[in-house]
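These numbers come from a predicted model, not from an experiment.
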Amino acid sequence: MKMTQQFGRTLREAPADADIASHQLLIRAGYIRRLASGIYAWLPLGQRVLSKVADIVRAEMDASGGQEITLPIAQPLELWARTGRDQTYGPLMFRMEDRKGAGFCLSPTAEEAITAVVAGESLSYRDLPVNLYQINWKYRDELRPRFGLLRAREFLMKDAYSFHVDNDDLSVTYQKMFSAYCRIFDQCSLTYRAVEAQAGEIGGEVNHEFMAAAVVGEDDFVWCRKCDYAANIEAAQRQSVPNSKTQEKVSDPEIVNTPGLTSIDDVAAHLDVGPSDLLKCIAFDIDGDLGLAVIPGDREVNEYALIQALAPRSVRLFDDEDFVAHPDVFKGYLGPDFSGASIVVADSAVAEGTSWITGANAVNQHRLNVCVGRDFLVSKWIDLAVAANGDPCPRCGEPLSVDRGIEIGHVFQLGTKYSEALEANYVDESGTPQPMVMGCYGIGVSRIVSAVVEEHHDENGICWPAALAPYDVHLVVLPGRAKTPEQIALSEEVERAGEELYRVMTEAGISVLFDDRDVSPGVKFADADLLGMPVRLTLGAKGFARGVVERLDRATGEERELALADDILSVALTELRLAILAGAA
RNA sequence: CGGGCUGUGGCGCAGCUUGGUUAGCGCGUCGGUCUGGGGGACCGAAGGUCGCGGGUUCGAGUCCCGCCAGCCCGACCA
C-alpha cells in the first residue's frame, strides 16, 4: 500500500481523553477513531490488525474442532427473559424496541442465542459433542467506558460454546480450548498467565481466566515466579502465614478510649502500633443472621472465600441499611466477641496464643490484649484474607507477587444452567431426554489489539509483533531534492528503484507499506516509528549510490545494510524475502 | 449513583476572573518559495452555530439558570 493512497493520517498529539499508551498510540497512528464514548471506528491500518488477530483465533479454533457460525447481534429480550438474564444484566444491556414495541437488545454475549439454536435441532447423543464459535461484535453499556479499546462499549469477541453428553466429555473439549488459547496468545506475543478463577455461584466447576500482564490492567492476580502458580486474586490461595505475635502469656484485656477513631489506620496511629496489631471485624448478613469476618488489620477480607466457605448460605456485606437495622452493631468499634454474632469466621493467622487490639463493641472504645479461646470463640477457620505481595506460594512457599492484568480470555464449564432453562436436551441411548452439558470460551479480539500495544511499544510508537503488524515492511524512500542534472538523475533513479523494490517485495509475498509521500525524511521516520511495522527499509540517495538499502528492526533498533543487486529485478526473490524479514546480512 | 473538572476550526490549547469593534495561538490542511537522513524555514489562504436552550444586558465565548456530552475520583474493608 502506498501511503499517498492510504486513508487515515497520523496525529502529533493524542486527544485529551486518551490516557493510556495503547489508546493514545492507536489514535495517533491512525488505527482507530472514536465515534462515541467506548465506540470506535477501525481505519484501514487498524482493520488489518484486527483481522490478523481474528485470523489467528479462527485458525486455532478450526484446528481444535470448532465450527464457525454467526449469531444475531439484535436479540429478542424474550429469549433473555427465559434465563432471567434480562434482569441480572440490567442496565449493562443496550436495549431497543421494534416498531411494534417488542423488546430487543444488542447481544452482550450469546449463551441464550446459541442454546436456543442448538435446542431447536433435536440432537441425540450421537450428534455430540458440538463446538460452535463466532467472531462478532458485542455490546455492553459499561458504567464507565475507559482505556480506549480495553473497556469499550462495542467490542469484537470470539465466543465459543460446546455441548456435551456429560462432564467428562466437556473436560476433553475444555482442555482442547485451553491449549488452543495458549497457542493463540503465544502467537500474539503476549505475556500472559492462565489463572485459576473464582468459581462463582455455579460452584465446583473448572474456570480459567487468561490475563495479559499489564500495569493498566483492571484485575489483580497472583503469580509465583518460581513455580508458576497463578490465580485470580479472589481465588488465590497462600500458605498459612505464621504469626509472630504468638505469646506464652497474654495480659488481661484492657479498655482504651478511641474517640472518633473508626478506621484501622486511625486506631493504630493513636495507639502507636502497626495495623497488623489490630483485628479487623467485618459484619456480614448470612441468611439473615449476623456473621463476623475476622482478619488481621492490615489485610482485606476475601469475600469470595467467605462465600465459598459458607455455601450454600447467602453472604452479603453489611450496608448502611443493615447498620440502621442493627443499632447495637457499632461500625468502627466491632469486636470478635460481639454477642449478637451467630457465626465468626476467622483467618488462620488469627491463631491461638496471639493477642490483638479490637473494637470493644462500644462506641469510642477499643480493647487491648484480646485473644482467641479466652476472649472470643471462632466458629470457622479459613484462609480469609486476600493474598498479598510476598505471601508464601501455596505450592512452593516462595513469595507470591500480585500483578495487574488485562483479561483477554476466559474458559468456563457452564454445566446445564442454560440448557435446562432453554430446554436444550439430547436423547440418550435409551431415548430419554437429557440436558446438554455446556462449556463456553471467550476471547476479547479487539481488546487483544490494545493489550498487544500496551506490551509492545516505546516512546516513539508501536512495535508490532510480526504476526499482527498490518504490513511486514515499512519502505521509506528518500530521493532527496537536487539541482544539478546529475543529482536530479540520481534522485529519479532512487524513486524508480523504490517503486521497483516495492513491486518486487509485493510479488514475493511481502506486504509493504510504501512511504512515497513528498515529505521530509524526519516526518517519514517519525511516522514509521509511530506506525510500528516490524521492519523498516530505507532506500536513500546515499545508500543507493553505494548499492545498499538499510534495514531497521523496529523493536530492537538493530540496523544493518542489505546489498542491492545492480538490477533489483535480478535478486532472487526468496533470498530477498529472507534477508528482509529475517534480517540476514 | 455521589463528588469534581471540561466543552472555543480536524487535534492540542489560550481568551472567561473584571462582558465591549474583526475570537487568538501551536499542530494539521490547501497554494507558493526555499530545504532535503529524524516531525525544517518563510510567505499566503481556507476552515468557527465559542456543546444546546433559555435568561440578564445597549451589548454575552465571557455573567445566571436548565439540559446534553466528555473526562477524572469515589462508590461498604469499619
If you check the Thr538(A) side chain, which of rC11(B), rG37(B), rG70(B) turns out closest? rG37(B)
Round to a whole Å and report the spacing from CZ of Arg34(A) to P of rG10(B). 14 Å
Nearest-Å distance, CG (Asp518(A)) to C1' (rG31(B))? 14 Å
Whole-Å distance separating the CG atom of Asp141(A) from the P atom of rG70(B): 10 Å
Of rG12(B), rG37(B), rC72(B), the nucleotide closest to the side chain of Ala16(A) is rG12(B)
Arg146(A) side chain: which of rG28(B), rC73(B), rG37(B) is closest? rC73(B)
Same-atom distance (P) from rG31(B) to rG39(B), integer angstrom: 23 Å
Between CG of Asp322(A) and C1' of rC76(B) the distance, given in whole Å, is 10 Å
C1' atom, rG10(B) versus rU56(B): distance in rounded Å? 35 Å
Examine Arg48(A) relative to Tyr471(A) and say whether NZ or CZ is less than 6.0 Å from the centre of the six-membered ring and inside a 45° cone about the ring axis. yes
Where the side chain of Leu530(A) is defined as all heavy atoms beyond and including C-beta, which of rC77(B), rG39(B), rU29(B) is the nearest nucleotide? rG39(B)
Closest listed nucleotide, where the reference is the side chain of Val301(A) and the choices are rC71(B), rC77(B), rG12(B): rC77(B)
For rG39(B), what is the paired nucleotide under Watson-Crick or G-U wobble rules, both distances under 3.5 Å? none
Run the ring-centre check on Tyr89(A) versus Trp80(A) and record whether the distance is less than 6.0 Å. yes
Evaluate the ring planes of His326(A) and Phe318(A), with Trp represented by its six-membered ring, and classify them as parallel (under 30°), tilted (30 to 60°) or perpendicular (over 60°). tilted
Closest to the side chain of Asp529(A), out of rG39(B), rG38(B), rC11(B), is rG38(B)
I'd like to know if Glu550(A) reaches the base of rG37(B) with its side chain, counting only an N/O donor and acceptor under 3.5 Å. yes
Is there a donor on the side chain of Arg536(A) or the base of rG38(B) sitting less than 3.5 Å from an acceptor on the other? yes
Leu26(A) CG to rC11(B) P: how many Å, rounded? 18 Å
Take atom C1' in rG47(B) and the same atom in rC25(B), then report the distance between them in whole Å. 15 Å
Opposite nucleotide pairing with rG66(B), Watson-Crick or G-U, both atom distances under 3.5 Å: rC52(B)
Between rU18(B) and rC77(B), how far apart are the two C1' atoms, rounded to whole Å? 49 Å
Under the 3.5 Å rule, do the base of rG39(B) and the side chain of Arg517(A) count as making a donor-acceptor pair? no
Closest to the Arg153(A) side chain, choosing from rU29(B), rG39(B), rG70(B): rG70(B)
In terms of side-chain heavy atoms of Arg144(A), which of rG74(B), rG39(B), rG38(B) is nearest? rG74(B)
Pair partner, rC25(B) [Watson-Crick or wobble, under 3.5 Å]: rG12(B)
In whole angstrom, give me the gap between the P atoms of rG19(B) and rU29(B). 40 Å
Among the candidates rC73(B), rC77(B), rG70(B), find the nucleotide nearest to the side-chain atoms of Ile282(A). rC77(B)
What interatomic distance, in whole Å, is found between P of rC67(B) and the corresponding atom of rG74(B)? 26 Å
In whole Å, what is the span from the CG atom of Leu143(A) to the P atom of rG2(B)? 12 Å
Using whole Å, report how far CD of Glu13(A) lies from P of rU29(B). 14 Å
Measure up the His23(A) and Tyr40(A) rings against each other and bin them: parallel (under 30°), tilted (30 to 60°), perpendicular (over 60°). perpendicular
